[in-house]
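A short worksheet on the structure shown next.
The first residue in the sequence is number 1, and the count goes up from there. Start at 1 and go down the list; that is how both ligands and their atoms are numbered.
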Amino acid sequence: MNAPNQSGWKPGTPVQDHNAMSGPDTVTGNRALMLEEPLLFEIGQTDTTGVDLPEPAGGPNRLGGMDRSEAIGLPGLSEPETVRHYTRLSRQNYGIDLGFFPLGSCTMKHNPRLNEKVARMPGFADVHPLQPVDTVRGALEVVNELANWLIDLTGMHGVAMSPKAGAHGELCGILCIRAALEARGDARKVVLVPESAHGTNPATAAFAGYEVEDIPATSEGRVDLEALKARLGPDVAAVMITNPNTCGLFERDMKAISDAVHAAGGFVYCDGANFNAIVGKVRPGDLGVDAMHINLHKTFSTPHGGGGPGSGPVVLSEALAPFGPLPYVVRTDDGSVQLVEEENAAEFRHTEAFGRMTAFHGQMGMFTRALTYILSHGADGLKQVAEDAVLNANYLLRSLDDLLDAPFGPSGPCMHEALFSDEGFAQDISTLDLAKGLIDEGYHPMTMYFPLVVHGAMLIEPTETESKAALDQFVSALRSVAERARAGDESLKTAPHYAPRRRLDETLAARKPVLAYQEPVAPSGQPTMSEQGGR
Ligand SMILES: *Cc1c(COP(=O)(O)O)cnc(C)c1O
């Protein structure tokens, strides 16, 4: 890839004679160290094998009639072929260990190596959820200590540790709210969600059986308090508000919103995906929040997506804590950490739990990483993290807002992410074209077309760990692509030009994914499957 990180690089200086991808065609399709890689099925033969064990001889058949009736059809490869296949594929992937990741609504893109070291300690890595409690005291101590940090940092009353992602945490929080309402015989049916909300919010409310209604935003990109107050009433179960919100702005009226919702008998769900921007500075409990999920992969440095499972503990107010799911951990009077489950819930006076979110206790490997991160920073360090995240985002906002339209820029600083629109681009150039141009510059694109309240949205979120030099280099690349977008540079419409694959039909891929290998039956002259997917 064209990763522009040479020493001596100066902002704004285009790198000359560096375009190794634009030479003559090669026999192999490789471009120097960027190697082509077909599918496993296209390299391996189903009648070859990577092992040479003898066929098992005779003996009684213990398969009970479940013997395979036909060949399994997997391609056979030698060990080096297999290793090379996956290593080559990995080189076509972009990740946080390669370069800057401006994705918004993702928060931190930083996985400290210390986390990995601690999570791999056998005492944590090798525990099994069905082990007797007496043999996993240390692991329970970790869960309990992390739970206490989360409660302290948010100023809340309790926490459900078991949800396994932000969206799962939302469901947990809304189910707590539903249980609390049912316990008082109140059959409220509506959940209010702002227009700028992440899609998971309305999906969660609908999944839990509520009708979803939009709350309008002000021209400043925040919840319209008066419109919200006007809609509150005896049918409103809850509002779900993201703070800081997905326009990258702090909802300044949060306390007034909570007071109004509580006065109308409803509950306040806060989507805490953006907690990274305020951790150590603001305690959502002080703002009247009843339930909030914390994405450990967004605020406490555990890996995102394919890098590892998510984890979405939900902090709960005093009013909701009694309804939190089982199991959970508590420290008892004798100093030990106990596991509260169905069998002993009465003993701990926790009889109103709405049920369970998961079979076991949550993502142990993520708890270990998050606690390692928290302890390595301490409370003061976490506050510094929030300040640096906000500083970095504002540096990007002000380095770009003369060239890219920042709809909410004029109303003041942003939080941890900066939002731009496609206003000012030449007529036929879109946000997608700009994003593809950024790939040619060696950057993963920012979040696009979200939030929906801004046309052609580009949501850019650096990470607090990025240096000023890294931000400057990104600004320089993005400014250059933005200038081309404004000038109507046609070459943007066919970008990326230097990636291993050019423009793919992403909609077709999402709508009709080909998930199982099909033997190509193309008549001669037709492209094979690998050619169709390629350039
Ligand atoms: C990421 C995100 C979610 C969903 O979290 P997952 O852990 O991906 O399930 C919800 N709301 C907002 C604002 C987010 O950014």
Write none if no such pair exists; otherwise list each N/O atom of ligand 1 with its protein N/O partner under 3.5 Å and the distance.
unit_1	atom_1	unit_2	atom_2	d
ligand 1	5 (O)	Asn295	ND2	3.0
ligand 1	7 (O)	Gly166	N	2.7
ligand 1	7 (O)	Asn295	ND2	3.0
ligand 1	7 (O)	His297	NE2	2.7
ligand 1	9 (O)	Gly166	N	3.3
ligand 1	9 (O)	Ala167	N	2.8
ligand 1	11 (N)	Asp271	OD1	3.3
ligand 1	11 (N)	Asp271	OD2	2.5
ligand 1	15 (O)	Ser105	O	3.0
ligand 1	15 (O)	Ser105	OG	2.7
ligand 1	15 (O)	Lys298	NZ	2.7

**Report entry** Residue pair Thr107 / Asn295, side-chain donor-acceptor N/O under 3.5 Å
**Finding:**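 Distance-only check fails for Thr107 and Asn295.
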
Query raised in the report: Any side-chain donor-acceptor pair under 3.5 Å between Asp290 and His262?
Result: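 A pair is found: one side chain offers a donor N or O, the other an acceptor, under 3.5 Å apart.
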
**Report entry** Set of side-chain hydrogen bond (donor to acceptor under 3.5 Å, both in side chains) partners for Thr204, sequence neighbours left out
**Finding:**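 Listed in chain order: Glu170.
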
Report task. For Glu423, check side-chain hydrogen bond (donor to acceptor under 3.5 Å, both in side chains) against everything at least two apart and list the hits. Result ->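 Expected list: none.
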
Query raised in the report: Would Tyr94 and Tyr443 count as a close aromatic pair, with their ring centres under 6.0 Å?
Result: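 No, ring centres 6.0 Å or more apart.
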
Query raised in the report: Looking at residues at least two apart in the chain, or sitting in another chain, which of them share a side chain to side chain contact (heavy atoms under 4.5 Å, CB included) with Pro413?
Result: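 Once residues adjacent in sequence are excluded, the partners of Pro413 under the side chain to side chain contact (heavy atoms under 4.5 Å, CB included) criterion are Asn394.
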
